[in-house]
Amino acid sequence: MSQSAAHRIVFANEKGGTGKSTTAVHVAVALAYRGARVAAIDLDQRQRTFARYLENRADTAQRRNIKLPTARFEVFEGDTEGLEALVADMSAEADFIVFDTPGRDDPLARHAATEADTLVTPMNDSFVDFDLIGQVEGESFKVKKLSFYAELIWEARMKRSRATIEQQRREMDWVVVRNRTGHVEARNMARIEQALTELSKRVGFRVAHGLSERVIFRELFPSGLTLLDKGHLGELGTSHLVARQELRTLVMALNLPDFVQREPRLELV
């Protein structure tokens with residue numbers, strides 16, 4: 001894949017309930033608001049949360065007769081060859097392709113993760129979630145070994161590094177996003193932070209703060225609206241404004257590449 005191909009942003013975590021779909025939708029819409037051409041692929045054929053959110057968004061835009069920045073999206077079911085064909089088709093008219101993957105080990109999800117340009121792994125501030133990427137000692141909470149998933153991504157990044165110059169491929173940027181940290185006990189948060197810092201030095205991922213647990217995200221799903229849709233959300237409270245700032249900070253932290261702006265850019269905050 002050359003540097004001119006669409007940038008792949010893959011939201012992947014083999015554990016469910018970490019906020020993958022919510023974060024993926026908000027990042028996709030944030031990029032669309034900035035004037036990027038965004039495509040989206042939902043690889044969770046069973047739950048289809050990512051696609052359902054965007055379907056609800058399209059329905060709301062039609063029902064209210066309003067324009068909402070969004071993404072072209074597909075639910076994909078097939079093999080890796082078919083997936084790459086879809087990516088090639090979408091790349092012709094997209095700056096970014098955002099993938100949402102199921103919360104389980106899945107061949108397509110594994111392929112998408114290892115082919116990501118930006119791999120985003122959301123996790124809750126819990127050692128149950130941390131166990132996906134590394135195991136810690138029971139007393140000291142020191143990292144004792146990498147998980148299978150972390151080893152998989154490490155090997156994919158090393159392979160990508162070797163192919164970067166030869167095949168003009170981008171280096172993979174792995175970002176672990178700490179979601180839903182608002183109501184976690186402080187000592188546990190500190191232990192998680194220490195373990196993530198230690199593991200990030202060994203594996204090479206970056207850590208970013210994500211979206212806290214707030215009712216607003218669950219409330220927005222039926223309408224397909226996001227925190228960025230000012231003027232369509234009614235009166236906003238302080239928690240909404242804080243959550244919107246969290247989203248803006250997260251998008252900046254992903255450090256995504258520049259693109260040629262083809263759509264009108266709208267204000268995010």
Side-chain angles (χ1 to χ4, degrees), residues 5-11 19-42 49-74 87 90-100 116-120 122 173 175 177 179 208-212 214-269:
H7 189 89
R8 304 187 191 198
I9 309 171
V10 180
F11 288 80
K20 284 193 306 295
S21 300
T22 298
T23 311
V25 166
H26 277 76
V27 168
V29 171
L31 290 170
Y33 261 105
R34 290 183 169 184
R37 300 174 304 167
V38 185
I41 300 177
D42 193 336
T49 304
F50 190 29
R52 287 286 300 124
Y53 206 123
L54 293 173
E55 285 173 358
N56 293 343
R57 185 172 182 79
D59 289 344
T60 295
Q62 183 176 22
R63 186 173 59 254
R64 298 189 186 182
N65 193 27
I66 57 177
K67 182 174 176 59
L68 294 173
T70 190
R72 168 194 171 187
F73 64 93
E74 299 280 352
V87 169
M90 286 183 157
S91 287
E93 297 183 356
D95 302 301
F96 299 94
I97 302 180
V98 181
F99 296 74
D100 187 31
D117 296 310
T118 299
L119 175 64
V120 184
D173 184 19
V175 186
V177 173
N179 271 343
H209 288 282
L211 310 177
S212 300
R214 287 190 171 88
V215 176
I216 181 62
F217 293 111
R218 295 190 292 271
E219 291 178 343
L220 289 175
F221 175 79
S223 67
L225 294 175
T226 71
L227 291 169
L228 304 174
D229 300 312
K230 293 189 305 182
H232 306 298
L233 297 174
E235 186 176 349
L236 300 181
T238 302
S239 63
H240 298 72
L241 300 177
V242 171
R244 183 185 289 165
Q245 183 57 42
E246 286 179 342
L247 174 61
R248 185 176 183 222
T249 301
L250 171 59
V251 173
M252 292 177 62
L254 293 181
N255 195 27
L256 297 171
D258 293 331
F259 55 91
V260 177
Q261 187 175 318
R262 297 174 176 85
E263 300 293 335
R265 176 172 179 154
L266 301 176
E267 187 61 41
L268 290 180
V269 293

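One-based numbering along the sequence shown. The figures that follow rest on heavy atoms only: side chains count, while hydrogens, waters and symmetry mates do not. Just so it is clear, the model here is predicted, and its values are computed rather than measured.
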For H7 and T118, what are the C-alpha separation, side-chain angles and deciding distance, and is it a side chain to side chain contact (heavy atoms under 4.5 Å, CB included)?
CA-CA 8 Å; H7 189 89; T118 299; 2.7 Å; yes
What pair of heavy atoms forms the shortest contact from [X] to [Y], and how long is it?
X    : Y    : answer
A51  : D42  : N-OD2, 3.0 Å
D117 : R8   : OD2-N, 2.8 Å
G210 : V177 : CA-CG1, 3.4 Å
L228 : A30  : CD1-CA, 3.4 Å
T60  : I66  : O-CG1, 4.4 Å
A116 : V10  : CB-CG2, 3.5 Å

Identify, with sequence neighbours excluded, every residue that meets side-chain contact (heavy atoms from CB on, under 4.5 Å) alongside A40.
F50, L54, A71, F73
Quick one: [atom1] on [X] to [atom2] on [Y], what's the gap to the nearest 0.5 Å?
X    : Y    : atom1 : atom2 : value
R244 : L233 : CZ    : CG    : 6.5 Å
L254 : F96  : CG    : CZ    : 10.0 Å
K20  : F99  : NZ    : CZ    : 15.0 Å

Stepwise side chain to side chain contact (heavy atoms under 4.5 Å, CB included) check, N179 with T22:
CA-CA 10 Å; N179 271 343; T22 298; over 6 Å; no
Distance-only, no hydrogens or angles: does the N56 side chain make a donor-acceptor pair with backbone N or O of Y53 under 3.5 Å?
no
Without hydrogens or angle criteria, can the side chains of R52 and T49 be said to hold a donor-acceptor pair below 3.5 Å?
no
Test log, rule side chain to side chain contact (heavy atoms under 4.5 Å, CB included), inputs E246 and L227:
CA-CA 10 Å; E246 286 179 342; L227 291 169; over 6 Å; no
Is the number of heavy atoms from other residues, nucleotides or ligands within 6.0 Å of CD (E55) greater than 12?
yes
Report the C-alpha distance between V29 and R57 in whole Å, list the side-chain angles of each, state the deciding distance to 0.1 Å, and finish with yes or no for side chain to side chain contact (heavy atoms under 4.5 Å, CB included).
CA-CA 10 Å; V29 171; R57 185 172 182 79; 3.5 Å; yes
